[in-house]
Amino acid sequence: MQQHALNLEDALQTYFQYDTFRIGQKEIIQDVLAGKDVLGILPTGSGKSICYQLPARIEEGLTIVVSPLISLMIDQVKQLKATNFKEVVAINSFMSPTERRNVYQNLVNYKLIYVSPELLQQQELLNRLKQIHVRLFVIDEAHCISQWGHEFRPDYLKLSATIKELNDPTVLALSATATPEVQSDIMNALEKPAMIKRIYPMDRENIAFILEEVSNDHEKIDRLISIFNTYHVPALIYFTSRLAAENTASILTQRLANRDVAFYHGGMEQVDRVSIQQQFMNDQLDIICCTSAFGMGINKSNIRLIIHFHIPLQLEAYIQEVGRAGRDGKSSVGVLLFSQRDAIIPNHIIQNELPDETDLKNVFHYLYTISQTETKNPVDEQIEEQLQLNENHWKFFKYQLEKHGMINNNYIVYQENDWKIAYHSIEQVIKQRMQYKEEKLHEVLSWVQSKNCLRKDLYQSFQSSYRQSMYQCCSNCGFSWNDWKPEKTNKTIEKNADWKERLKNLLLVGETHETN
DNA sequence: TTAGGGTTAGGGTTAGGGTTAGAGCCGGTGCCCTGCT
């Protein structure tokens with residue numbers, strides 16, 4: 001222990017060329033090295049990845065990093081390889097089957113692997129991992145467990161079982177935003193109630209908030225035009241609909257001269273997404289009209305404006321999205337354009353996010369019918385088609401059914417009593433989740449209509465204290481557009497930059513020189 | 001000559017039909033797999 005403590009700075013210098021640790025890093029690394037499970041909530045840009053990359057380098061054994069996006073894994077691996085760390089790999093569906101098999105067979109030669117929660121459920125990979133010494137199990141962007149696990153990506157909820165199967169390695173869950181509620185959800189899902197919490201504040205003192213109520217979308221567009229005619233700064237506009245993002249991008253392109261506008265959402269080809277992201281990072285695009293798909297892993301420091309054309313579904317999401325402004329600490333603004341009709345779309349999304357009671361009945365009926373045939377046919381994906389379930393709804397059911405032992409290895413196990421219990425349990429989960437989401441939306445709507453300080457109301461339920469604003473506070477505290485004089489973006493900075501820096505920028509997707 | 005690299009498509013999804021007028025009825029988030037030149 002003492003030995004480690006003395007040498008950590010040296011290791012940081014040797015492997016990452018930094019002289020000192022940033023806030024929280026050293027404490028987390030010491031905990032991890034001592035074999036303690038840690039939940040680390042560190043502000044974005046504070047170098048979360050050092051917290052596991054340093055231990056991975058100096059310790060024996062393998063470090064597994066569960067990452068939500070392939071693009072994030074690829075970024076990280078590129079950066080590490082650029083610093084001459086070769087024993088690292090991202091395993092995902094972009095790899096050919098041959099390539100993947102090779103990695104599986106040589107797992108013992110790696111010190112750090114990045115993998116999605118879905119792939120971690122595959123028996124072949126799991127079996128290989130069980131044969132080697134897994135030292136550290138990291139969940140990057142751990143809020144995904146809570147945010148996506150329950151309905152969208154249930155494999156996030158299976159991580160605790162995986163950790164047990166891997167002989168309980170040390171667990172490190174990292175995120176930039178997690179409310180106390182999300183924190184306990186993460187610890188519950190991982191079945192690690194005794195995790196050490198290393199929580200650092202997430203309020204942003206350099207972001208001012210403006211709330212503007214308008215009567216319809218036309219007025220919102222007019223407001224956008226007027227804002228962008230005054231300010232020439234890198235900006236994101238968030239939408240809850242892909243179509244609205246595309247349409248608005250096209251309107252802005254027509255009506256704003258000298259401004260490069262693009263849209264970005266999850267329905268686009270991967271290649272286009274990467275290209276848009278790159279152009280924005282390099283200041284070749286000024287404004288991105290996007291859905292919530294745009295965000296994780298974007299580390300552009302000089303975004304000055306985050307505009308919400310639609311309200312987000314939760315305040316947590318708002319904090320994450322608005323938090324992408326002013327990473328460089330300079331004065332930035334979050335604007336929310338609100339009209340009374342705006343609750344309709346989020347309501348639709350919440351109502352359709354989970355299957356309803358009819359779907360539940362149908363699934364049970366269908367499975368019962370099959371289980372009564374002599375051969376107990378395996379459950380196959382036909383069920384989606386038969387019962388007209390969408391993919392996410394079926395994934396939700398499948399997770400729940402497996403959890404209750406109704407499906408085992410794709411075979412139906414019929415036990416009348418267990419099924420009754422399972423039915424009521426799943427029914428309750430659906431109700432509770434929907435109610436939870438409705439409450440979260442209600443919080444957003446209350447915040448939007450609040451007359452109090454927006455900063456205070458936004459942060460106070462998430463952390464015990466919050467800092468005073470560095471520049472201006474919010475529209476409820478008297479801040480108006482006239483007060484805002486953002487620093488001008490200077491596109492020539494990039495052109496004059498040192499050639500090594502520019503080359504690095506080109507080679508490292510989504511990142512500048514900072515390891516994050 | 002062959003292996004490896006590169007590009008590309010589509011699947012997991014939705015949907016309704018007017019005569020009794022009267023104005024916006026809106027759908028987010030990602031993996032993985034198969035098969036193609």
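All chains are named by letter (A, B, ...) in the order of the sequence lines, taking the proteins before the strands, and each is independently numbered beginning at 1.
- As rounded to the nearest Å, B:dG6 and B:dC26 have P atoms that lie 44 Å from one another.
- Here the side chain of A:Gln122 is nearest to one of B:dT29, B:dG27, B:dC33, namely B:dC33.
- Of the nucleotides present, none pairs with B:dA3 by Watson-Crick or G-U wobble criteria with both distances under 3.5 Å.
- Between the CZ atom of A:Arg341 and the P atom of B:dC26 there is a distance of 11 Å, given to the nearest Å.
- Within 4.0 Å (heavy atoms only), A:Glu353 reaches at least one base atom of the nucleic acid.
- Here the side chain of A:Ser93 is nearest to one of B:dT13, B:dG28, B:dC32, namely B:dC32.
- Taking atom NZ on A:Lys395 and atom P on B:dC31, their separation rounds to 10 Å, with Å as the unit.
- For B:dC32, the OP1/OP2 oxygens have no side-chain nitrogen or oxygen of A:Arg100 closer than 4.0 Å.
- Which of B:dC32, B:dT29, B:dC26 sits closest to the side chain of A:Thr291 comes down to B:dT29.
- Considering only the side chain of A:Ile344, B:dC26 comes nearest among B:dG28, B:dG12, B:dC26.
- Between the CG atom of A:Asp359 and the C1' atom of B:dT13 there is a distance of 14 Å, rounded to whole Å.
- Taking atom C1' in both B:dG35 and B:dT7, the straight-line distance is 13 Å, to the nearest Å.
- One C1' atom belongs to B:dT14, the other to B:dC36, and the distance between them is 28 Å to the nearest Å.
- If you take CZ of A:Phe309 and C1' of B:dC26, they are 12 Å apart, rounded to a whole angstrom.
- Between A:Tyr238 and A:His310, a ring centre-to-centre spacing not shorter than 6.0 Å is recorded.
- Atom CD of A:Glu385 is separated from atom P of B:dG11 by 13 Å (rounded to the nearest Å).
- No contact: A:His393 has no heavy atom under 4.0 Å from any strand.
- Defined by atom type and a distance below 3.5 Å, a donor-acceptor pair is missing between the side-chain atoms of A:Tyr104 and A:Glu124.
- A:Leu313 has its CG atom 7 Å from the C1' atom of B:dG28, to the nearest Å.
- Looking at A:Gln279 and A:Ser275, their side chains do bring a donor and an acceptor atom within 3.5 Å of each other.
- Remark: the A:His265 side chain and the A:Thr291 side chain contain no N/O donor-acceptor pair separated by less than 3.5 Å.
- Residue A:Ser116 places at least one side-chain N or O closer than 4.0 Å to OP1 or OP2 of B:dC32.
- Cation-pi contact between A:Lys300 and A:Phe280: present, with separation from the ring centre below 6.0 Å and deviation from the ring axis of at most 45°.
- Among the protein residues, A:Pro117 comes within range of no part of the nucleic acid, since none of its heavy atoms lies under 4.0 Å from any strand.
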Point to revise | Worked verdict on A:Lys81 versus A:Val88 for side-chain contact (heavy atoms from CB on, under 4.5 Å) | key: CA-CA 8 Å; A:Lys81 291 206 165 153; A:Val88 54; 4.1 Å; yes
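- Comparing B:dA15 with B:dG30, their P atoms are spaced 23 Å from each other, to the whole Å.
- Here A:Trp148 does not count as stacked on B:dT29, because the ring centres are not under 5.5 angstrom apart with planes under 30°.
- The residue A:Ile91 sits apart from the nucleic acid: no heavy atom pair falls under 4.0 Å.
- Within 4.0 Å of A:Asn352, counting heavy atoms only, lies at least one base atom of the nucleic acid.
- A gap of 11 Å separates the C1' atoms of B:dG11 and B:dC32, to the nearest Å.
- If A:Phe94 and A:Arg242 are placed on DNA chain B by their nearest nucleotide, the residue sitting closer to the 5' end is A:Arg242.
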Point to revise | side-chain hydrogen bond (donor to acceptor under 3.5 Å, both in side chains) evaluation trace for A:Thr98 with A:Arg101 | key: CA-CA 5 Å; A:Thr98 331; A:Arg101 190 137 299 130; over 6 Å; no
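- As rounded to the nearest Å, B:dG10 and B:dT37 have C1' atoms that lie 15 Å from one another.
- A:Asp217 places its CG atom 13 Å from the C1' atom of B:dC25, with the value rounded to the nearest Å.
- Counting to the nearest Å, the C1' atom of B:dC26 and the CG atom of A:Asn216 are 14 Å from each other.
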